[in-house]
Number of protein chains: 2
Amino acid sequence: MTNAEERIRKELIQRFGDAYKSFGLNKLMGHVVALLIYAPEPLSLTDIAKALGRSKGPVSQILRRLRDHKLVRKAWSPEDNRKDFYEIEPEIFENAFRNNLELIKNNTRLAGQLKEKVASAKKVNKMDVLFNRMVEMETFYKLMEKHHRNFLSEWISERNKMIKN
Amino acid sequence: MTNAEERIRKELIQRFGDAYKSFGLNKLMGHVVALLIYAPEPLSLTDIAKALGRSKGPVSQILRRLRDHKLVRKAWSPEDNRKDFYEIEPEIFENAFRNNLELIKNNTRLAGQLKEKVASAKKVNKMDVLFNRMVEMETFYKLMEKHHRNFLSEWISERNKMIKN
DNA sequence: TTTAACGTTTGAAAAATTCCAAACGGTCAT
DNA sequence: ATGACCGTTTGGAATTTTTCAAACGTTAAA
């Protein structure tokens with residue numbers, strides 16, 4: 001591996017770690033994702049642990065979470081090999097976005113529920129300000145959901161074009 | 001305060017804490033935001049600390065962060081009062097979204113930088129796969145930025161309509 | 001000049017998260 | 001069967017984050 005490549009690899013891993021952490025995720029998740037994005041071919045658990053200077057334990061757990069979130073998947077490996085190999089999920093960006101969309105939907109649901117509850121409590125007492133705020137919140141997230149869906153379909157068609165080339 | 005109101009207040013605080021945590025933020029941030037969304041009038045540092053059963057220290061620091069992020073602001077308070085009062089920033093949702101947009105932009109920038117670096121390393125060695133992935137990543141975040149901007153302007157006009165009523 | 005009422009900072013404690021080494025269970029080759 | 005090689009699970013250690021109590025600086029009244 002050339003020096004230039006090695007530098008890029010290091011930076012990729014470092015920056016993805018930071019980015020993941022800034023989104024409230026585990027830094028190691030970002031490291032693994034970066035490593036797999038970088039790697040031209042699938043890597044085994046041991047490869048990954050060694051490359052990141054970690055033990056198998058946490059890497060195994062992180063791989064589980066990454067597969068749950070559909071950011072990473074098991075690669076096919078020859079029948080005579082008992083080792084598992086991992087690679088980046090080709091739709092990693094789309095899937096990451098879908099995960100985020102779930103969080104948005106949680107908020108829409110939360111706002112709706114709270115709005116209803118406030119509405120019934122309003123009979124008893126003046127809670128108009130709070131009610132309006134819940135309405136605003138629900139409107140906000142509903143609109144956000146709409147835009148996210150638009151984005152998703154536009155991205156999918158955009159990506160299909162990219163793949164063709 | 002009626003029982004119904006009290007239950008709603010508790011739930012609001014609890015759920016906002018969870019939501020903030022799920023976005024990688026401090027739970028207490030969510031609690032404070034919920035409390036201020038609930039409160040019909042501004043609250044002092046001591047009010048907030050007492051209502052949440054915390055000491056002034058962490059609440060003071062959280063309020064600082066919330067003001068940095070423009071989710072909370074100091075309310076006007078009479079000249080003869082040395083106490084500070086805090087209230088929800090009226091544009092809290094818009095601002096929260098703007099903060100998120102900054103993270104997106106970081107990712108766009110990151111992808112662009114890495115793409116460039118890979119491009120120059122490519123002369124030396126075959127890194128086509130990695131280059132294509134960086135291109136995909138950059139495309140993804142650029143498209144996302146575009147949609148986020150669209151959302152923002154639509155939300156602002158939507159909200160203006162809400163305020164008029 | 002003191003005293004009192006604030007918000008902030010700070011150093012250490014408490015809690016939560018991350019991490020490892022070792023144990024474990026499963027599968028295949030011998 | 002036995003041993004070798006996997007990935008996962010687990011208990012506790014290490015690290016990071018959150019929290020508090022106390023000290024501090026500032027401001028205004030006494």
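Keep in mind that the numbers below use all heavy atoms, side chains included, and drop hydrogens, waters and symmetry copies.
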Starting from [atom2] on [N], measure out to [atom1] on [X] and report it in whole angstrom.
X: A:Lys74; N: D:dG7; atom1: NZ; atom2: P; result: 8 Å
X: B:Asp84; N: C:dT8; atom1: CG; atom2: C1'; result: 11 Å
X: B:Tyr86; N: C:dC6; atom1: OH; atom2: C1'; result: 10 Å
X: A:Lys83; N: C:dC28; atom1: NZ; atom2: C1'; result: 15 Å
X: A:Asn26; N: D:dT17; atom1: CG; atom2: P; result: 11 Å

Identify, with sequence neighbours excluded, every residue that meets side-chain contact (heavy atoms from CB on, under 4.5 Å) alongside [X].
X: A:Gln113; result: A:Arg109, B:Arg15
X: A:Lys142; result: A:Thr108, A:Glu138
X: B:Ala19; result: A:Asn107

Close residues, residues 13-25 of chain B, relative to DNA chain C [heavy-atom separation under 4.0 Å]: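 Output list: B:Lys21.
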Non-neighbouring partners of A:Arg133 that pass side-chain hydrogen bond (donor to acceptor under 3.5 Å, both in side chains), sequence neighbours left out: none
Pairs flagged by side chain to side chain donor-acceptor pair (under 3.5 Å) wherever residues 18-36 of chain B is involved - sequence neighbours left out: B:Gln14-B:Asp18
Inter- and intrachain pairs under side chain to side chain donor-acceptor pair (under 3.5 Å), touching residues 53-66 of chain A, at least two apart: none
Is B:Asn150 reaching over with its side chain to a backbone N or O of B:His147, donor-acceptor style, under 3.5 angstrom?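 A pair under 3.5 Å: no.
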From C:dG7, D:dT19, D:dT8, nucleotide with atom closest to A:Leu45 side chain: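 Ranking C:dG7, D:dT19, D:dT8 by closest atom to the A:Leu45 side chain puts D:dT8 first.
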Is there a residue in residues 47-67 of chain A whose heavy atoms reach under 4.0 Å of DNA chain D, and which residues are they?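 Those residues whose heavy atoms fall under 4.0 Å from DNA chain D, taken from residues 47-67 of chain A in numerical order, are A:Lys56, A:Gly57, A:Ser60, A:Gln61, A:Arg67.
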Residues that B:Asp84 engages under salt bridge (charged side-chain N to carboxylate O under 4.0 Å, His left out), provided they are two or more places apart: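 By the salt bridge (charged side-chain N to carboxylate O under 4.0 Å, His left out) rule, B:Asp84 matches B:Lys74.
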